[in-house]
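Okay, so here's the structure we're looking at.
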Amino acid sequence: MTPLSPPSNIELVEVAPRDGFQSIRDILPTADKQRCIQALLDAGVTRLEIGSFVSPKAIPQMADTGTLVKAFADRPDVRFSALVPNLKGAELALEHGIREIVYVVSVSESHNQSNVRRSTAESLQELHQVIERMRRTEGSRLRLDLGTSFDCPFEGTISWQQVDRILSAALELIGDLPLEVALCDTTGRATPYQVADYFTQLRERHARVGVNWAFHGHNTFGMGVANALFAISHGATAVDTACAGLGGCPFAPGATGNTATEDLLYALHGGGVTTGIDLPKLLEAADMIAALPGGQTASHLRQVPRERVS
């Protein structure tokens, strides 16, 4: 397993407004969400998962996603994406002006049933309809989030062969549509060498033009930064993080927040990797997000005296 040379730059996808906010039970005022998103953009974030288009009965916190999209419609310099579990969600996202659809399907049958109330086969079938809808929308792009790519809270360890089975089926449907594939450590149980192995195996099997790779990790076992760095060194060009480490999947018992954006940013900047994000300003955004009522945060860098952070 030969590691790749780290890239000169890496894209950090800020997911606190989706993965983070949805973990908070009490409904946050839309104005507070907007204020936090603006702080992230002021820090230099250029890719941001602004929310999800899902049933408000399932995740009430995401009911105002359309309003947030409209509030930032004047920022063509930012790649806004939204997570969707089905065709209805994709149609709503496209109607609201979102051009980057994040379609989620879990590798684990049990988690897919828990997360989107359908089998993996049904999710893949609907993916085909989503793709056909996107082909009629100029400028749209697709990201495929493969949930529980390493571990499932109900089934345990997931093998790369299981991931390969779902990914292979999805790629047949997607065809030549530009695609970003994200391997998601939904529970935060993955280890760095497991991450490296899965990226190596899957990238070798699915080397094709127009496919980029991403990593979505949680920091439940304290492996978030290490897992992200191993993913990057084995081909990921984008990594999901949540400012202040906010989050926790409501459909994966025990999962904590995503890796804190500021923690990974510190590691990347220390290695000379360009991200375009200003760390001091990001820490200001992290303080704002950490002050939201009801949120669970897990940032290490926020605990360090600011004069020691450079």
Side-chain angles (χ1 to χ4, degrees), residues 12-72 75 78 80-83 96 98 102 186-188 216-220 222 224-225 239-266 277-306 309:
L12 296 186
V13 184
E14 180 57 56
V15 299
R18 199 278 300 173
D19 216 351
F21 291 169
Q22 78 173 19
S23 69
I24 299 176
R25 178 174 299 179
D26 294 337
I27 303 302
L28 296 170
T30 301
D32 287 352
K33 295 180 183 180
Q34 187 172 337
R35 185 167 51 90
C36 291
I37 292 171
Q38 185 61 58
L40 290 166
L41 302 185
D42 291 343
V45 168
T46 56
R47 286 191 66 179
L48 185 141
E49 194 173 83
I50 198 166
S52 60
F53 286 91
V54 296
S55 167
K57 293 181 180 179
I59 307 181
Q61 192 69 261
M62 294 290 103
D64 61 351
T65 296
T67 303
L68 291 172
V69 173
K70 184 178 180 180
F72 293 97
R75 294 296 304 262
V78 180
F80 290 105
S81 61
L83 183 140
H96 280 85
I98 289 290
V102 181
T186 307
T187 64
H216 175 103
H218 288 250
N219 199 41
T220 312
V225 169
V239 176
D240 291 358
T241 56
C243 193
L246 181 70
C249 177
F251 305 105
T256 59
N258 294 78
T259 302
T261 308
E262 57 271 25
D263 290 353
L264 181 57
L265 191 66
Y266 179 81
I277 300 175
D278 183 280
L279 183 55
K281 289 185 178 180
L282 186 72
L283 285 167
E284 293 178 10
D287 288 341
M288 185 182 299
I289 290 170
L292 293 173
Q296 294 184 349
T297 57
S299 165
H300 293 279
L301 211 62
R302 281 190 62 247
Q303 312 308 317
V304 178
R306 294 296 158 89
V309 178

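Between T220 and T187 there is no side-chain heavy-atom pair separated by less than 4.5 Å. Here the side chains of H216 and D19 are in contact, with some heavy-atom distance below 4.5 Å. A heavy-atom distance below 4.5 Å is not found between the side chains of T46 and L12. Residues L48 and V13 are not in side-chain contact: their nearest non-hydrogen atoms beyond the backbone lie 4.5 Å or more apart. Looking at V309 and V304, their side chains come closer than 4.5 Å, going by heavy atoms from C-beta outward. Contact annotation: the side chain of P17 never approaches that of L68 to less than 4.5 Å [non-hydrogen atoms, C-beta and beyond]. Residues L282 and L40 are in side-chain contact: their nearest non-hydrogen atoms beyond the backbone lie under 4.5 Å apart. The shortest side-chain heavy-atom distance between V225 and Y266 does not fall under the 4.5 Å cut-off.
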**Message:** As a quick check of understanding, evaluate side chain to side chain contact (heavy atoms under 4.5 Å, CB included) for F72 and V78, giving each step before the final call.
**Reply:** CA-CA 9 Å; F72 293 97; V78 180; over 6 Å; no
**Request:** Please test Q61 against L28 for side chain to side chain contact (heavy atoms under 4.5 Å, CB included), starting from the C-alpha separation and ending with a verdict.
**Result:** CA-CA 7 Å; Q61 192 69 261; L28 296 170; 3.7 Å; yes
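No donor-acceptor pair under 3.5 Å is formed between the side chain of T297 and the backbone N or O of S299. Put simply, the side chain of N258 gets close to the backbone of G217: a donor and an acceptor are under 3.5 Å apart.
Applying the salt bridge (charged side-chain N to carboxylate O under 4.0 Å, His left out) test to E14 and every residue at least two apart in sequence or in another chain returns nothing. Every residue meeting the side chain to side chain contact (heavy atoms under 4.5 Å, CB included) condition with D42, not counting sequence neighbours, appears here in chain and number order: Q38. By the side chain to side chain contact (heavy atoms under 4.5 Å, CB included) test, P305 is found to be paired with E307, R308, residues two or more places apart in sequence or in another chain being considered. Partners of A286 according to the side chain to side chain contact (heavy atoms under 4.5 Å, CB included) rule, which considers only residues two or more places apart in sequence or in another chain, are C243, A244, E262, R302. Residues satisfying the side chain to side chain contact (heavy atoms under 4.5 Å, CB included) test with A71, not counting sequence neighbours, are Q34.
For residues 33-53, every residue pair satisfying the ring pair (Phe, Tyr, Trp, His ring centres under 6.0 Å) rule, not counting sequence neighbours, is listed here: F53-H96.
Summarising the geometry of A260 relative to T241, their closest heavy-atom pair is C-CB, 4.4 Å, with the distance given to 0.1 Å. Between L292 and F21, the shortest heavy-atom distance links the atoms CD1-CE2, 3.6 Å.
A distance of 4.5 Å separates OG in S81 from CD in E49, rounded to the nearest 0.5 Å. With rounding to the nearest 0.5 Å, the separation of CG in N219 from OG1 in T259 is 5.0 Å. I289 CD1 to I24 CD1: the interatomic distance, rounded to the nearest 0.5 Å, is 9.0 Å. Residue C36 holds its SG atom at 11.5 Å from CG of L41, rounded to the nearest 0.5 Å. Summarising the geometry, atom OG belonging to S52 is positioned 5.0 Å from atom CD1 belonging to I59; distances are rounded to the nearest 0.5 Å. The distance from atom CZ of R75 to atom CD1 of I37, rounded to the nearest 0.5 Å, is 11.5 Å.
Inspection of the D64 and T30 side chains reveals an N or O donor paired with an N or O acceptor under 3.5 Å.
Salt-bridge annotation for R306 and D287: present, with a side-chain N of the basic residue lying under 4.0 Å from a carboxylate O of the acidic one.
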